[in-house]
2 protein chains.
Amino acid sequence: MDEDCIVFVVDDDARIREALVELLASYGILAMAFSSGGDYMHADKPDMPACLLLDVELPDISGLDLQGQIAEHGHPPIVFITGYGDIPSSVRAIKNGALDFLTKPFSDADVMNAIRSAILQDRADRTVRSEMSLLKQRYLDLTPRERDVLPLVVSGLLNKQAAAQLGISEVTLQIHRRNVMQKMGATSLADLVRIAQRLEIPLTNLRRAEESDRA
Amino acid sequence: MDEDCIVFVVDDDARIREALVELLASYGILAMAFSSGGDYMHADKPDMPACLLLDVELPDISGLDLQGQIAEHGHPPIVFITGYGDIPSSVRAIKNGALDFLTKPFSDADVMNAIRSAILQDRADRTVRSEMSLLKQRYLDLTPRERDVLPLVVSGLLNKQAAAQLGISEVTLQIHRRNVMQKMGATSLADLVRIAQRLEIPLTNLRRAEESDRA
DNA sequence: CCGCACCCCATGGAAATCCATGTATTGCCA
DNA sequence: TGGCAATACATGGATTTCCATGGGGTGCGG
């Protein structure tokens with residue numbers, strides 16, 4: 001299918017694990033198998049586009065609960081597999097973001113298709129996540145004052161208005177503003193607005209108020 | 001639950017329809033019942049926050065196919081109900097955006113919970129949709145030239161650069177730019193950038209090129 | 001053929017922004 | 001205590017934007 005990707009298989013049935021790993025190997029795809037949710041969670045996993053093939057019924061915690069546990073952090077797309085699945089479980093799984101929910105017996109093609117789209121998905125996700133983490137890091141590098149300035153600027157306030165808002169002089173605000181642009185790697189105000197958007201920087205409402213004040 | 005909302009019930013079994021309509025009435029919720037997908041699609045439906053309670057098995061087309069048909073247009077959130085559901089169907093339904101997938105027998109509480117969140121969802125969806133349609137209408141009111149100017153401006157180009165890009169004078173571009181702001185209802189450049197974002201106006205890449213040209 | 005919408009350009013002044021340089025205060029930490 | 005980061009301010013000049021007022025040209029429908 002594609003280079004540089006790996007499939008994690010979590011299933012308590014050794015025969016299933018082996019069958020899946022073998023299937024993947026026959027497609028030249030790297031795989032790591034785990035027999036429990038805990039094993040998977042505590043394992044050192046390589047950092048590359050991946051897919052998690054997860055059995056719903058596990059000895060320690062259910063696959064669905066595992067899904068909830070790892071939901072906080074970035075994690076590879078999950079493809080559930082199960083022998084005794086029920087509809088409510090499948091609904092919950094997909095609602096919580098699982099990519100697919102396969103019931104035995106499934107064909108090799110079914111698994112491979114699910115894995116294929118999962119890997120593609122993860123590739124895109126990882127790109128977005130790495131961009132986001134870069135932006136977040138840059139945001140953390142801002143000084144407190146610069147973090148005050150950012151929302152005012154991207155809300156569309158004039159330097160004068162933003163400065164008044166903070167009770168500082170316009171010149172000082174311009175310096176902060178300039179530093180923000182530089183540190184955030186923005187090449188223009190438009191760029192900064194989009195970056196702030198992605199960081200979910202809240203907007204300041206006072207623009208209208210300020211304007212009608214003057215009117 | 002809430003005022004000003006309606007539930008559409010599509011089921012070929014008259015008893016189910018009546019039971020559901022009665023249940024809803026007991027909660028003071030307006031309902032309209034249909035016995036087939038075609039009936040639902042061709043009916044005149046009131047324009048208010050809604051929810052579609054959809055049986056998977058219908059005489060004319062399957063509920064899942066109906067979901068696909070109405071996917072293009074804005075439509076209320078769908079809650080599937082079924083007596084003979086299978087996992088692949090439920091997975092497909094949720095993947096395609098259904099809000100829930102209930103299997104008989106389900107409790108009144110199950111239905112009502114699903115409906116409650118569906119209505120809330122639709123309320124939010126409708127707000128977003130109406131905002132979007134307003135923006136789209138404004139965009140359509142732009143002249144062709146103004147539509148040329150918009151992407152350049154929100155890409156962060158200076159007026160001078162954008163003007164050069166279009167082969168017109170800077171003054172003319174400023175006029176277009178001003179008209180764009182006015183027609184789009186933007187109160188600031190930052191605002192215009194966010195509006196363009198929502199309209200998925202593609203960015204122009206030439207900023208870097210222009211800059212390194214000058215360097 | 002007249003009006004109207006669209007597109008184009010110029011001039012000039014007011015306002016805002018960008019940028020560099022220089023100065024000062026605070027607070028923290030090695 | 002000396003250095004460093006963060007915050008703040010001023011001056012002044014170059015650049016950019018904003019806005020109003022003027023003038024052209026095209027093309028289309030009443």
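Predicted model only: the values in this text are computed from it and were never measured. Chain letters run A, B, ... following the sequence lines, proteins first and then strands; every chain starts at 1.
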Under 4.0 angstrom between B:His176 side-chain N/O and C:dC6 OP1 or OP2: no

Distance test, side-chain N/O of B:Arg145 to OP1/OP2 of C:dA5, below 4.0 Å: no

Any B:Asn159 side-chain nitrogen or oxygen under 4.0 Å from OP1 or OP2 of D:dT16: no

Whole angstrom value for the distance that separates C1' of C:dA16 from CG of A:Leu157: 14 Å

Which residues share a side chain to side chain contact (heavy atoms under 4.5 Å, CB included) with A:Arg92, sequence neighbours left out: A:Leu64, A:Asp65, A:Asn96

Under 4.0 Å protein heavy-atom contact, by nucleotide of nucleotides 19-30 of chain D - B base, S sugar-phosphate only: B-----------

A:Cys51 to A:Val79 - nearest heavy-atom pair and separation: SG-CG2, 4.1 Å

Side chain of A:Lys160 (C-beta onward), nearest among C:dC9, D:dC9, C:dA16: C:dA16

Sequence-distant partners of B:Phe8, ring-ring contact (aromatic ring centres under 6.0 Å, His included), two or more places apart: B:Tyr40

Integer-rounded Å distance: C:dC8 C1' and B:Arg177 CZ: 18 Å

Atom pair distance, as rounded to whole Å: CG in A:Leu158 and P in C:dA14: 19 Å

Interatomic spacing from CD1 in B:Ile175 to OG in B:Ser169 - rounded to 0.5 Å: 7.5 Å

Summary of salt bridge (Lys or Arg N to Asp or Glu O under 4.0 Å) pairs that have at least one residue in residues 132-147 of chain B, sequence neighbours excluded: B:Arg145-B:Asp148, B:Glu146-B:Lys183

Nearest-angstrom distance from the residue atom CG of B:Leu152 to P of D:dT17: 13 Å

Sugar-phosphate, base or nothing in reach of B:Thr172, heavy atoms under 4.0 Å: base

The single option from B:Arg126, B:Arg194, B:Arg198 passing salt bridge (Lys or Arg N to Asp or Glu O under 4.0 Å) against B:Glu131: B:Arg198

Under 3.5 Å, sequence neighbours excluded: what are the donor-acceptor pairs made by side chains of residues 68-78 of chain A?
none

For atom CD1 of A:Ile168 and atom P of D:dA6, their distance in whole Å: 16 Å

Phosphate-side-chain proximity, B:Thr143 and C:dC6, N/O vs OP1/OP2 below 4.0 Å: no

Between C:dC18 (C1') and A:Gln182 (CD): distance, integer Å: 12 Å

Separation of D:dT11 C1' from A:Glu170 CD (nearest whole Å): 14 Å

End axis versus end axis in the helix from C:dC1-D:dG30 to C:dA30-D:dT1, the angle rounded to 10°, five pairs used at each terminus: 30°

Test item: B:Asp125 and B:Asp122 side chains (from C-beta on) under 4.5 Å apart, heavy atoms: yes

Whole-Å gap separating P (C:dA16) and CD (A:Gln161): 9 Å

Rounded distance [0.5 Å steps], CZ in A:Phe34 versus CG in A:Asp55: 14.5 Å

